[in-house]
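Note on naming: letters A, B, ... go to the chains in the order of the sequence lines (proteins, then strands), and numbering restarts at 1 for each one. Quick note: numbers below take in every heavy atom, side chains included, and nothing from hydrogens, waters or symmetry partners.
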Protein chains: 2
Amino acid sequence: MTAAAAPAEPEISARQAEVLDAVLRQLVTDGNSLTMSAVARRASCSKETLYKWFGDRDGLLNATVKYQAARVHVAAVGPDPLDRAALTARLESFALNWLTVISSETSLALNRVAIGQAGSDRSLGAIVLANGRFALGSRMKPVLEAGRKAGLLAFEEAEEAFRTLFGLVARDVQIRLLLGDSPDLDPDRIRADATRAVAQFFALYGAQPGGGKAAP
Amino acid sequence: MTAAAAPAEPEISARQAEVLDAVLRQLVTDGNSLTMSAVARRASCSKETLYKWFGDRDGLLNATVKYQAARVHVAAVGPDPLDRAALTARLESFALNWLTVISSETSLALNRVAIGQAGSDRSLGAIVLANGRFALGSRMKPVLEAGRKAGLLAFEEAEEAFRTLFGLVARDVQIRLLLGDSPDLDPDRIRADATRAVAQFFALYGAQPGGGKAAP
DNA sequence: GCCGAACCGTAACGTTCGTTACGGTTGTTT
DNA sequence: AAACAACCGTAACGAACGTTACGGTTCGGC
């Protein structure tokens, strides 16, 4: 291969994973005031070790974001023959999973720090986007295109269809949670929201007679 | 009245408004590193004056958020007899305005600081929510209900219908912008997105024959 | 013209926190 | 057992920043 060196994804030892878990706990409990001393205290390690392993505070945050991203991976899509029920189940599973993730305290804390320092040259936001929104998109687009090939969905651009699905699922939930609002989100409510979002998506992009195309 | 004292909304002089404008500019250009010295330098005032007028750094931020919120007020809805064209125009106007606001650098900077310190006891996020998401909702719900009364829309809860409209308009735009992504959003694209969102909303909640109900 | 209030520019103080350095301890290798 | 590396706990340094204090200037009122 003539390409440049790989992005140098370092291996994470078990002890290092413990430290990153401590960072996540610290972020969730104490919010934005994430000091190196607090991390060291919570992880029962020395600050010297933190700096030896992660370079500096930014390196620690980057490692934490990547670590959390690696933990949240959904099962890949199998190339089963899709019928309407299987497609619905897959879409609802996606919606359920996504709503659960964005309302978890861990995801909220990570998104908050990434947003709080966005606009700087730091690229934490890019990492969060790549492992959140864009990872979802590239995982769901094949499903949508399989649905189209099976004659269940009708759209021109899978990207556009996915963005609409995204909006139907998330609505105002994520921004409200990020801003500190706490809409009641018991699992029952989440499940109901997921099925409603998928039903609306089918109403917009379903191919069977009766489903209407929306855009001109 | 036996109620407690009013929320004590202080008057803002012209000079104070200049200072708050300086805060906004500082937030937009230098991101999260908003120091009192930088504000004083940019506003050509002394730090002593900042503290005399706004109390402390938090008071300055609160005043800035309220100041910006007071600047962004849309024309109230007139009780015109609604036909389909008028309702469509009003919804598209809402979508256009909302997309324009959330993609403005000022709104992004304010939302970033509010989110960055959410989870603390500070209530900046509550102010942003009250003047953004919730102000929109209470402004649009009468429009939606007028549309229902005119036989143009069909829904049970205006709140739910509005949240769906919100999702169809915003999709993934706001979170991507907050995290530092920059999807191309020329005014033409925004206009196209607004009309698409409204068309999809009519497909879901329109009352004329052919529009399907989505939820079971 | 004089007085006091408001304000500007800057200096100074104290705290927080990122970063580095050091002594002591544990576990591994030879 | 001795040597060595890795690591923990803590102390120390330095910079950034919120907050306060002070001298000089402007401006409206008597």
Trainee: If you check the E48(A) side chain, which of dA21(D), dT19(D), dG23(C) turns out closest?
Mentor: dG23(C)

Trainee: Between R171(A) and D193(A), does any NZ, NE, NH1 or NH2 come within less than 4.0 Å of an OD or OE carboxylate oxygen?
Mentor: yes

Trainee: May I ask you to say what S37(A) touches in the nucleic acid, namely base, sugar-phosphate or nothing, with a heavy-atom cut-off under 4.0 Å?
Mentor: nothing

Trainee: Choose from dC7(C), dG18(D), dC22(C) the nucleotide whose nearest atom is closest to any side-chain atom of Y51(B).
Mentor: dG18(D)

Trainee: Does some side-chain heavy atom of L99(A) sit less than 4.5 Å from a side-chain heavy atom of R191(A)?
Mentor: no

Trainee: May I ask you to verify if any side-chain N or O of S46(B) is less than 4.0 angstrom from the OP1 or OP2 atom of dG9(C)?
Mentor: no

Trainee: Does dC7(C) have its OP1 or OP2 closer than 4.0 Å to a side-chain nitrogen or oxygen of W53(B)?
Mentor: yes

Trainee: Which whole-number value in Å describes the distance from R15(B) CZ to dC7(C) P?
Mentor: 9 Å

Trainee: Considering only dC7(D), dT19(D), dG18(C), which nucleotide approaches the side chain of M36(B) most closely?
Mentor: dT19(D)

Trainee: Send over the distance from Q16(B) CD to dA6(C) C1', rounded to a whole Å.
Mentor: 12 Å

Trainee: With a 4.0 Å cut-off, would you call R148(B) and E157(B) a salt bridge?
Mentor: no

Trainee: For F54(B) and dT20(D), give me the distance from atom CZ to atom P, rounded to whole Å.
Mentor: 16 Å

Trainee: So L60(B), base contact, sugar-phosphate only, or nothing? Heavy-atom distance under 4.0 Å.
Mentor: nothing

Trainee: Taking the side chain of T35(B) as its heavy atoms from C-beta onward, which of dA21(D), dG18(D), dT19(C) lies nearest to it?
Mentor: dG18(D)

Trainee: Report the distance from atom NZ of K52(B) to atom C1' of dC22(D), rounded to the nearest whole Å.
Mentor: 13 Å

Trainee: For L50(B), answer base if it contacts any base atom (sugar-phosphate contacts may also be present), sugar-phosphate if it contacts only those atoms, and nothing otherwise; contact means non-hydrogen atoms under 4.0 Å.
Mentor: nothing

Trainee: Counting side-chain heavy atoms from C-beta on, which of dT20(C), dC7(C), dG18(D) comes nearest to K47(A)?
Mentor: dT20(C)

Trainee: Kindly assign one of parallel, tilted or perpendicular to the pair F155(A) and Y205(A), based on the angle between their ring planes and the thresholds 30° and 60°.
Mentor: perpendicular

